[in-house]
Amino acid sequence: MQATLTFHGAAGEVTGSCHLLEAGGRRVLLDCGLIQGGHRDEARNRDPFPFDAAAIDAVVLSHAHIDHSGRLPLLVRDGFAGPIHAHSATTDLCRIMLRDSAYLQEKDAQWENRKRERKGLKPVTPLYTAHDAEAAMGHFDPMEYGDVREVIPGVRVRLHDAGHILGSSLVEVTVGRGTKKRTLVFSGDLGRSGMPVLQDPEIIHKADRVVMEGTYGDRLHRGWEATKAELGEVLGEAVAREGNVLVPSFAVGRTQELLYLFARHFKEWGLDRWRIYLDSPMAIEATEVYGRHVGLFDPDARPLWVRLQNGALLPNLHLNRSAEESMALNDIRAGALIIAGSGMCSGGRIMHHLKHNVWRPECRVVITGFQARGTLGRALVDGAKRVRLWGETIRVKAKVHTIGGLSAHADQAGLTRWYAGFENRPPLTLVHGEEDALAALSAHLKRTLKAPVTVAARGGSIPL
Ligand SMILES: [Zn+2]
């Protein structure tokens, strides 16, 4: 059985993961993610798919992050009628995330239309609506790690734990049977070994082809112990400055990790001196989903999480669901530690908190995740002296700390170790990384493992 894989997204960039597998005249899509970043990048989400959505037979989704799942509502609206195979936890998280993504799209369009009306321009429609997101959820077909599904005739899929966020999966695709059998392993986003909360990424020993992400292909994360010390230090120093601390955070994954760490190091980090606000209805819901899947956690992390979930830890944690509760934070000058989205400061409640705090020298912004080019978060990391928020120019006087060691992505060493697990050194294609990161990773893998590695080009194909 002939099969090819074509890279339609996250090729030479970090977001918009989308790869098309064709075999025996049928089609399976691996991921269908939203492009995130600056306005020009995000405008590409409105471009038609480079394939006929109605001709796709099935989707396999590696994990719930929106840059992997966020265009599913569009795919369904454009005529996709098949199942979306995903881990049960991914399914639970997507219910929250796709709904939220639709809400943001609708709000963006509303905002834009108010401006357009004043200028006498025609209104725009949202990229997709809550109704579209709901329709996409109707296609999910949940599975567990280790389950095998025949997704199209002759093509079977099995999920393994990728250790990146809850439910994140390495996708093992087998085409054909017996001696003609060929196996492709797609890493999705690869997590890190030895991190709190989740289990380590599974090592797979054999494949005929590997497609691997390379977000941090040119970097080494700080060690875990050093990272914890750094975070504790930043929080300790922030207390002395008597300002607020803003933590832009991804609602899924990073937020739960932070809550876990805060609970675990509560006294040591002086967290009893703060009022901690989880100012994100989506993060609150995602935290509840984590609680329903404690069985997927690292065994060491389970008891503490159960106590955290029961309210026995973090007595000063406030869960802000309503907009009123969020707005009330605008008046607080000191002592508030606010966790809010979006993780790259490209929207959401964190924008309001930045507006009210980032011009104060006593404020601290703690960046704990990847910041894509073109986002406000990236500008802060890069040392911007001023930022634009709702048409207003605001000085940046706050101190911005980047805690790189909390990343949920494997670094160069982690990626190398995971690929080295394939004993037969199969041909490797790199996706999901900025150009420089993938070039550095590629050179490193060639030098250290003599890996037959190439970097995916957008629209390029490989045979399987
Ligand atoms: Zn991810």
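Residues take their numbers from the sequence shown, with the count starting at 1.
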Scan for salt bridge (charged side-chain N to carboxylate O under 4.0 Å, His left out) pairs involving [range], sequence neighbours excluded, and state none if there are none.
range	result
residues 58-79	Arg77-Asp132
residues 317-337	Glu288-Arg321
residues 243-254	Arg254-Glu257

- request: Scan residues 217-252 for pairs that pass ring pair (Phe, Tyr, Trp, His ring centres under 6.0 Å), counting only residues two or more places apart or in two chains.
  value: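 For residues 217-252: Tyr216-His221.
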
message: Once ring pair (Phe, Tyr, Trp, His ring centres under 6.0 Å) is applied, what residue pairs with a partner in residues 82-106 remain, sequence neighbours excluded?
response: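 Sorted result for residues 82-106: His87-Tyr145.
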
task: May I ask you to check whether His63 and Thr90 show a side-chain donor-acceptor distance below 3.5 Å?
output: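 There is no such pair (donor and acceptor under 3.5 Å, judged by atom type) between the side chains of His63 and Thr90.
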
message: I need the full list of side chain to side chain donor-acceptor pair (under 3.5 Å) pairs touching residues 34-45, with sequence neighbours left out, sorted by first then second residue.
response: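 Residue pairs with at least one partner in residues 34-45: Glu13-Arg44.
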
All side-chain hydrogen bond (donor to acceptor under 3.5 Å, both in side chains) counterparts of [X], not counting sequence neighbours:
X	value
Thr91	none
Asp200	none
Glu112	none
Arg388	Thr393

task: Just jot down the ring-ring contact (aromatic ring centres under 6.0 Å, His included) partners of His8, sequence neighbours excluded, or say none.
output: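 By the ring-ring contact (aromatic ring centres under 6.0 Å, His included) rule, His8 matches Phe51.
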
- prompt: Can you list the residues that meet the salt bridge (Lys or Arg N to Asp or Glu O under 4.0 Å) rule with Asp100, with sequence neighbours excluded?
  reply: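 In terms of salt bridge (Lys or Arg N to Asp or Glu O under 4.0 Å), with neighbours along the sequence ignored, Asp100 is linked to no residue.
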
